[in-house]
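Working notes, structure below.
Every chain is numbered from 1, with letters handed out A, B, ... down the list of sequences.
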Amino acid sequence: EDKVVQSPLSLVVHEGDTVTLNCSYEVTNFRSLLWYKQEKKAPTFLFMLTSSGIEKKSGRLSSILDKKELFSILNITATQTGDSAVYLCAVFSGANSKLTFGKGITLSVRP
Amino acid sequence: DVKVTQSSRYLVKRTGEKVFLECVQDMDHENMFWYRQDPGLGLRLIYFSYDVKMKEKGDIPEGYSVSREKKERFSLILESASTNQTSMYLCASSPGTQTYEQYFGPGTRLTVT
């Protein structure tokens with residue numbers, strides 16, 4: 001059974017801090033790993049990672065994948081209150097053509 | 001921009017009622033998905049469809065069925081709603097089997113009393 005584990009489950013930081021969100025996985029026939037941000041509405045796409053060691057970057061957010069150790073991290077630098085959200089990690093399996101989601105990480109950024 | 005819409009944002013139904021949740025996407029996507037999201041459990045796949053009139057069971061299909069008569073529309077049906085089906089329901093679509101990114105609708109918060 002495919003499995004995606006995110007950690008920590010929640011964290012609280014102050015504006016300006018840097019945070020690292022973790023995602024580990026066990027998936028048959030791995031194809032890609034995706035990160036989403038969910039505020040009080042639909043998840044919105046952040047990154048898709050398919051190759052090890054290649055950093056994806058968008059503004060203050062960046063992410064990298066390690067296919068040998070089966071994990072990914074999402075970094076957010078200089079956090080802002082608008083970064084407060086649930087961050088979801090999902091992995092696509094070529095064996096069953098499905099996305100398996102982790103339970104999400106709730107990030108709260110205090111002013 | 002891809003747009004995925006769901007028929008209702010909030011819905012309250014009684015136990016035993018038949019419930020229809022509708023999802024429409026406007027980008028000619030091949031694939032459509034229904035998830036439910038519950039605190040502490042994350043998103044769980046109920047059903048998905050890779051083509052018109054085609055459906056596949058996800059991880060938690062019990063108590064649900066689906067219908068895809070047109071490419072742009074994917075309906076989730078609760079034949080006899082129960083209180084344990086109170087949840088946030090999210091629809092998603094994606095362009096094709098080699099494209100992994102899914103685009104989500106705004107969600108329907110269903111309460112079964």
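Of the listed residues (B/Pro106, B/Pro39, B/Gly58), the one with the most heavy-atom contacts under 4.5 Å to chain A is B/Pro106.
By the rule that hydrophobic residues join a cluster once side-chain heavy atoms approach within less than 4.5 Å of another member, A/Val27 and A/Phe71 end up as members of separate clusters. In the hydrophobic clustering of ILVMFWY residues, with side-chain heavy atoms under 4.5 Å counting as a link, B/Val24 and B/Tyr89 come out apart. Both A/Leu99 and B/Phe48 belong to a common hydrophobic cluster when Ile, Leu, Val, Met, Phe, Trp and Tyr are linked at side-chain heavy-atom distances under 4.5 angstrom. A/Met48 and A/Leu33 are members of different hydrophobic clusters when ILVMFWY side chains are connected at heavy-atom separations under 4.5 Å. Under a hydrophobic clustering in which Ile, Leu, Val, Met, Phe, Trp and Tyr are joined whenever their side-chain heavy atoms come within less than 4.5 Å, directly or via other members, B/Phe74 and B/Leu45 fall into different clusters.
Atom CZ of B/Phe104 sits about 7.5 Å away from atom CG of A/Leu88, to the nearest 0.5 Å. Rounded to the nearest 0.5 Å, atoms NZ (A/Lys41) and CZ (B/Arg9) are 9.5 Å apart.
Within the 4.5 angstrom heavy-atom criterion, no atom of A/Leu9 approaches chain B. Of the two parts of B/Leu43, the backbone and the side chain both hold a non-hydrogen atom closer than 4.5 Å to a non-hydrogen atom of chain A. Residue A/Glu39 does not touch chain B at all, counting heavy-atom pairs closer than 4.5 Å.
Remark: A/Arg110 CZ is loosely packed, at most 12 non-hydrogen atoms of other residues, nucleotides or ligands lying under 6.0 Å away. Within 6.0 Å of CZ in B/Arg109 there are 12 or fewer heavy atoms belonging to other residues, nucleotides or ligands.
Screening A/Phe45, A/Phe47, A/Phe92 for a side chain to side chain contact (heavy atoms under 4.5 Å, CB included) with B/Glu101, the sole residue that qualifies is A/Phe45.
Between A/Pro43 and B/Leu90 there is a side-chain heavy-atom pair separated by less than 4.5 Å. No side-chain heavy atom of B/Gln37 sits less than 4.5 Å from a side-chain heavy atom of A/Val86.
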Given side-chain contact (heavy atoms from CB on, under 4.5 Å), test A/Tyr36 with B/Gln102 step by step and report yes or no. CA-CA 10 Å; A/Tyr36 286 85; B/Gln102 294 181 10; 3.7 Å; yes
